[in-house]
Amino acid sequence: MANELPLLSVSQFTALINQTLEYAYPAVEVEGEVASFKVNQGKFVFFDLKDAESSVGCFMMVFNLRQPIEDGMKVIVRARPKLTPWGKFSLTVEQIRPSGEGSLKKSYELLKAKLENEGLFALERKRSLPRMPEHIAVISSTQAAGYGDFMKIIDARWGGMKVDVAHVQVQGEAASDQMIRALEYVNQQQELPEVIVMIRGGGSADDLSAFNDELLVRTVAASRVPVLTGIGHEVDVSLVDLAADVRASTPSNAAELLVPDRSDIRRYVQQSLRQILAATDTGIDQVRRDNSLLLQRAFERVEDAHELYVRELASRQSLLAAYNPRRALERGYAIVRGEAKVGAVIGIETSDTLMQAEVTDVKRK
Amino acid sequence: MSKGSKTITEKLAELGELTAWFESDEFTLEAALDKFAEAEKLAKEIDDNLAELKNKITVLKTDFSK
């Protein structure tokens, strides 16, 4: 019987298997537990992915490792199956992410500790937001509820802003890279916005896991433009939140932190006018009081002067009275009128009598 | 608001300065009348500007999936 099978060398066989694998399984997603995790020469990552019955070797480059992984963690890998030249079957991993809340939490804690140690979350790095921004960029999914809430609230509270929206995925494998591209795009614009706002509504830990991607967190920390985040609910604190300049608890809260409320501004203006009126009233009262005081003082001075004149007048009257000749007559003196020579007739006036007499003798004292 | 005209932020700052003048030692009744008229005018302008404010929203055409 003729041999129907082709005769292959080992290399040809390996190549054929790899071609078949590439054709049949260009990419697979496999979930399993990490074991024997190691990084060689700071570049090459090796680990086994296992479940209760099987295990497969995995290989990847360290720059594809976007979140910390350690033995025991449950992960999902996106990979290409391959037969190596030395006959080992392995998965060449392109993406890896923690799977399940436990692993997600573990990975989060590991990365948080690492980045915190590097100072990425330090308070001194935080920049404040402008009070009334005129130009902002929003990075979000335009189909997401969180985006809708945010836009509704900023429109209700404020206006006059130029809002550039970068539509991206906010969950799933591609989300982190899309958000990174959007951040880099905005940061490279000639006319930079004053704030970048990153928005997404609530979700599970897995839904929000894109916001714990190391590269994304580093891109946020390196942004030239201050970043405001409004991700998930109040209790959800992602690593992007920690790296941002300002963290809002929700997309709605982000809108409230970003822009003032028109009605608050109107109240402030009315309050200012009331203060001005009050200050004017106080000023007028003060002038009235000053004028009253001046008038009163002037009146007092006139009174004082009048009193002085009255006293002076009384004094002179007394003096005049003292010099009145009638007083001398009443004391018993007499007024003699006429010449002091012998034979002259003189008049003599006392207080109650008028007499005439003849001078009989004159002697000088 | 047209280019060259003051922004709301600038007008609010100016109103703040006027309010501070009324409460400062520099206050005089003689100057108060004109300054009050100025404050009232600013307040009206701010109110009008607030009513007119609208956000201009542009969704960027760049495809960030690539």
Side-chain angles (χ1 to χ4, degrees), chain A residues 130-140 142 147 151 154-169 174-175 177-186 189 259-266 268-284 286-287, chain B:
Chain A
R131 193 176 158 231
M132 292 180 204
E134 293 176 10
H135 179 197
I136 65 168
V138 176
I139 296 178
S140 181
T142 56
Y147 169 80
M151 296 305 280
I154 61 164
D155 270 344
R157 285 171 71 91
W158 198 242
M161 280 193 304
K162 180 167 176 265
V163 182
D164 295 333
V165 179
H167 169 67
V168 295
Q169 283 182 35
D177 283 340
Q178 289 189 18
M179 287 191 274
I180 288 167
R181 283 185 213 115
L183 277 164
E184 287 171 346
Y185 175 89
V186 170
Q189 296 310 296
V259 295
D261 194 337
R262 275 176 246 248
S263 52
D264 286 344
I265 302 293
R266 286 198 173 99
Y268 166 78
V269 168
Q270 291 309 312
Q271 172 66 18
S272 297
L273 286 179
R274 278 198 291 274
Q275 274 175 260
I276 286 172
L277 275 171
T280 308
D281 279 345
T282 304
I284 290 171
Q286 187 61 43
V287 169
Chain B
M1 284 175 285
S2 54
K3 262 194 190 173
S5 65
K6 291 179 192 162
T7 62
I8 286 189
T9 312
E10 286 164 342
K11 288 178 187 175
L12 283 168
E14 219 177 294
L15 182 63
E17 282 169 18
L18 280 169
T19 310
W21 179 87
F22 273 84
E23 293 175 339
S24 73
D25 293 335
E26 291 174 20
F27 171 87
T28 61
L29 262 186
E30 292 80 11
L33 189 61
D34 284 343
K35 287 202 184 278
F36 181 75
E38 207 180 317
E40 260 197 327
K41 182 168 169 264
L42 267 174
K44 172 92 179 39
E45 279 180 20
I46 291 168
D47 200 54
D48 290 344
N49 291 159
L50 285 174
E52 290 161 4
L53 283 181
K54 293 244 182 308
N55 293 319
K56 186 179 168 208
I57 299 166
T58 308
V59 178
L60 298 171
K61 290 187 171 63
T62 309
D63 182 1
F64 296 104
S65 63
K66 293 176 187 153

If one checks every heavy atom of A:I136 against chain B at 4.5 Å, the contacting part turns out to be neither

d(A:H135 NE2, B:K56 NZ) to nearest 0.5 Å is 9.5 Å

B:E26, CD atom: more than 12 neighbouring heavy atoms under 6.0 Å:
no

d(B:L53 CG, A:W158 CH2) to nearest 0.5 Å is 5.5 Å

The reported gap from CD1 in B:I8 to CZ in A:R131 (rounded to nearest 0.5 angstrom) is 10.5 Å

Turns out that what part of A:I284 lies under 4.5 Å from chain B's heavy atoms comes down to both

Nearest heavy-atom approach of B:A39 to A:I276 is CB-CD1, 3.5 Å

Please report, to 0.1 Å, the donor-acceptor pairs under 3.5 Å made by any side chain of residues 268-275 of chain A, with sequence neighbours excluded.
| unit_1 | atom_1 | unit_2 | atom_2 | d |
| --- | --- | --- | --- | --- |
| A:Q271 | OE1 | A:R274 | NH2 | 3.2 |
| A:S272 | OG | A:Y268 | O | 3.0 |
| A:Q275 | NE2 | B:E23 | OE2 | 3.1 |

Please step through side-chain contact (heavy atoms from CB on, under 4.5 Å) for the pair A:M132 and B:T7, ending with a clear verdict.
CA-CA 10 Å; A:M132 292 180 204; B:T7 62; over 6 Å; no

Whatever's closer than 4.5 Å to a heavy atom in chain B on A:A182 counts as both

*Go through the steps for B:F36 and A:L277 under the test side-chain contact (heavy atoms from CB on, under 4.5 Å), then give the verdict.*
CA-CA 8 Å; B:F36 181 75; A:L277 275 171; 3.8 Å; yes

Under 3.5 Å, is there a donor-acceptor pair between the side chain of B:D47 and the main chain of A:R266? no

When the 4.5 angstrom heavy-atom criterion is applied to B:L29 and chain A, the contacting part is side chain

Okay, A:M151 and chain B: the region with an atom under 4.5 Å from a heavy atom over there is side chain

Within residues 57-66 of chain B, contacts to chain A at heavy-atom distances under 4.5 Å involve B:I57, B:T58, B:V59, B:L60, B:T62, B:F64, B:S65, B:K66

Whatever's closer than 4.5 Å to a heavy atom in chain A on B:L12 counts as both

CD1 (A:I154) and CG (B:N55) are apart, to the nearest 0.5 Å, by 5.0 Å

Looking only at B:E40, B:K54, B:K35, most heavy-atom pairs under 4.5 Å shared with chain A are made by B:K54

